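Have a look at the structure below before the remarks.
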Amino acid sequence: MDAGLYLYGIFSDPIPSTDSLKGLDSQPVYSQVIEGFTFLYSDAKQEKYLASRRNLISHEKVLEQAMQEGFRTLLPLRFGLVVKNWETVISQLIQPCERQLRDLFQKLAGKREVSVKILWDTKAELQAMMQSNPDLKQKRDQMEGKNLSMEEVIEIGQLIESNLQQRKEAVIKTFFDELKPLAEEVVESEPMMEEMIYNAAFLIPWDQEALFSQRVEAIDKQFGDRLRIRYNNFTAPYTFAQIS
């Protein structure tokens, strides 16, 4: 028995329904035009969906396949959005947010979101920092095996942390300075793990992705084996489709 409608995203243009597109619970995905907005949806078999890896991937795949078929301007909806009927969509989303939705479509037309995540090996970076800073290394080595006061422990710790932070900021600045001129907008987010030092999304013209990708690769080569770069060049624009 259906629990309502599961919504994936909103598109600026009508999308023909296709039996080849499957969503959550392996349900066929349809499109519905409501008040001039095209919604991609499937019949919901549950009132609430667990945010499992399988379900999250199914949600993302629906949007990505639609984008691959040429329907590129979209507003992705958050995972797990189930509504009872289209009247709910009209009263709770379209009517209160119509102006914002249309402004977002205008903002995203001809644009795509790409993301860059930078990771490094903290221990290896610390060793490299010591090799490049003989004075700091000597000061640390002189303290090894001694009974240090709390003030001395804090001092050497702060010196090491400060120098490591400077190296991190130099890496981030290089990426930002090289990539920002290619983007319409940049949103920096908190790193997702300890070894991640930078996490940013870039809104770029759709046809400039190849150039952006080349720039990322060039910077990566510049740093050699110091960094691991995660570059995602094809994703729904969640970061830049936020309704305030």
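All values reported here derive from a predicted model rather than from experimental measurement. In what follows, every heavy atom counts, from backbone to side chain, and hydrogens, waters and symmetry copies are set aside.
- The aromatic ring centres of H59 and Y49 sit 6.0 Å or more apart.
- A salt bridge links E185 with K107: the distance from a Lys NZ or Arg NE/NH1/NH2 to an Asp or Glu carboxylate oxygen falls below 4.0 Å.
- Side-chain atoms of F223 and T174, non-hydrogen and from C-beta on, do get closer than 4.5 Å to each other.
- A distance of 12.0 Å separates CG in D13 from CZ in R72, rounded to the nearest 0.5 Å.
- A side-chain donor from one of T88 and N85 sits under 3.5 Å from a side-chain acceptor of the other.
- Residues F105 and Q100 fail the side-chain proximity criterion, which asks for heavy atoms closer than 4.5 Å.
- Hydrophobic clustering, with ILVMFWY side chains joined whenever heavy atoms are under 4.5 angstrom apart, groups I34 together with L75.
- Atom CZ of R53 has 12 or fewer heavy atoms from other residues, nucleotides or ligands within 6.0 Å.
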Exercise for the section: Begin with the C-alpha distance, continue with both residues' side-chain angles, and end with the deciding distance and a verdict on side chain to side chain contact (heavy atoms under 4.5 Å, CB included) for Q165 and K168. Expected result: CA-CA 5 Å; Q165 183 64 27; K168 181 185 299 185; 4.0 Å; yes

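- The two residues F79 and A51 come nearest to each other via the heavy atoms CE2-CA, 3.5 Å.
- You'll find the side chain of V114 reaches within 4.5 Å of the side chain of E209, heavy atoms only.
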Practice task
Give the intermediate values and the outcome of side chain to side chain contact (heavy atoms under 4.5 Å, CB included) for residues V82 and L5.
Solution key: CA-CA 5 Å; V82 177; L5 307 171; over 6 Å; no

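- The shortest heavy-atom contact between T73 and G110 is OG1-N, 4.1 Å.
- L63 and W206 end up in the same hydrophobic cluster when Ile, Leu, Val, Met, Phe, Trp and Tyr side chains are linked at under 4.5 Å.
- Note that CD1 of I229 and NZ of K221 are 13.5 Å apart. Values are rounded to the nearest 0.5 Å.
- Counting only heavy atoms from C-beta outward, the side chains of E184 and P205 approach each other to under 4.5 Å.
- No side-chain heavy atom of T38 sits under 4.5 Å from any side-chain heavy atom of I10.
- Judged as a salt bridge (Lys or Arg N to Asp or Glu O under 4.0 Å), and not counting sequence neighbours, D25 has no contacts.
- Under the 4.5 Å side-chain heavy-atom criterion for grouping Ile, Leu, Val, Met, Phe, Trp and Tyr, M67 is not connected to I57 through any hydrophobic cluster.
- Under the 6.0 Å cut-off for aromatic ring centres, F39 and W86 qualify, their centroids lying closer than that.
- L126 and I172 fall within the same hydrophobic cluster, defined by Ile, Leu, Val, Met, Phe, Trp and Tyr side-chain heavy atoms under 4.5 Å apart, directly or through other members.
- For the atom pair CD of Q127 and CG of D121, the computed distance is 8.0 Å after rounding to the nearest 0.5 Å.
- In this structure, the side chains of P237 and P76 come closer than 4.5 Å at one or more pairs of heavy atoms.
- Between the side chains of T235 and E113, no donor N or O sits under 3.5 Å from an acceptor N or O.
- Applying the 4.5 Å side-chain rule to ILVMFWY residues, one finds L119, M192, M196 in the same cluster as M193.
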Practice task
Walk me through it: do K45 and Y6 pass the test side chain to side chain contact (heavy atoms under 4.5 Å, CB included)?
Solution key: CA-CA 9 Å; K45 299 301 180 182; Y6 184 94; over 6 Å; no

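- A continuous path of Ile, Leu, Val, Met, Phe, Trp and Tyr side chains, each step under 4.5 Å between heavy atoms, connects I118 with L164, placing both in one hydrophobic cluster.
- Residues in residues 222-235 take part in these salt bridge (Lys or Arg N to Asp or Glu O under 4.0 Å) pairs, two or more places apart or across chains: E125-R226, E195-R228.
- In terms of heavy atoms, V116 sits closest to L179 at CG2-CD1, 4.2 Å.
- Minimum heavy-atom separation, P96 to S91: CD-O, 3.4 Å.
- Q222 contributes no side-chain N or O that, together with a main-chain N or O of A218, makes up a donor-acceptor pair within less than 3.5 Å.
- Here the OG-CG distance, from S115 to N199, works out to 7.0 Å after rounding to the nearest 0.5 Å.
- Rounded to the nearest 0.5 angstrom, S58 OG and K22 NZ are separated by 12.5 Å.
- Y198 and E169 share no side-chain donor-acceptor pair at under 3.5 Å.
- With contacts defined as side-chain heavy-atom distances shorter than 4.5 Å, the pair K111/F240 does not qualify.
- Geometrically, R102 engages F37 in a cation-pi contact defined by less than 6.0 Å to the ring centre and at most 45° from the axis.
- Residues Y41 and Y8 keep their aromatic ring centres 6.0 Å or farther apart.
- E64 and Q68 are not linked by any side-chain donor-acceptor pair at a separation below 3.5 angstrom, with hydrogens and angles left out of the test.
- When F176, Y231, F175, F212 are each tested for a ring-ring contact (aromatic ring centres under 6.0 Å, His included) with F202, only one passes: F212.
- A pairwise comparison of heavy atoms in L182 and I204 identifies O-CG2, 3.7 Å as the closest pair.
- Q166 contributes atom CD, which lies 14.0 Å from atom NZ of K173 (distance to the nearest 0.5 angstrom).
- Between E188 and V186 there is a side-chain heavy-atom pair separated by less than 4.5 Å.
- Residues L108 and L74 share a closest heavy-atom pair of CD1-O, 3.6 Å.
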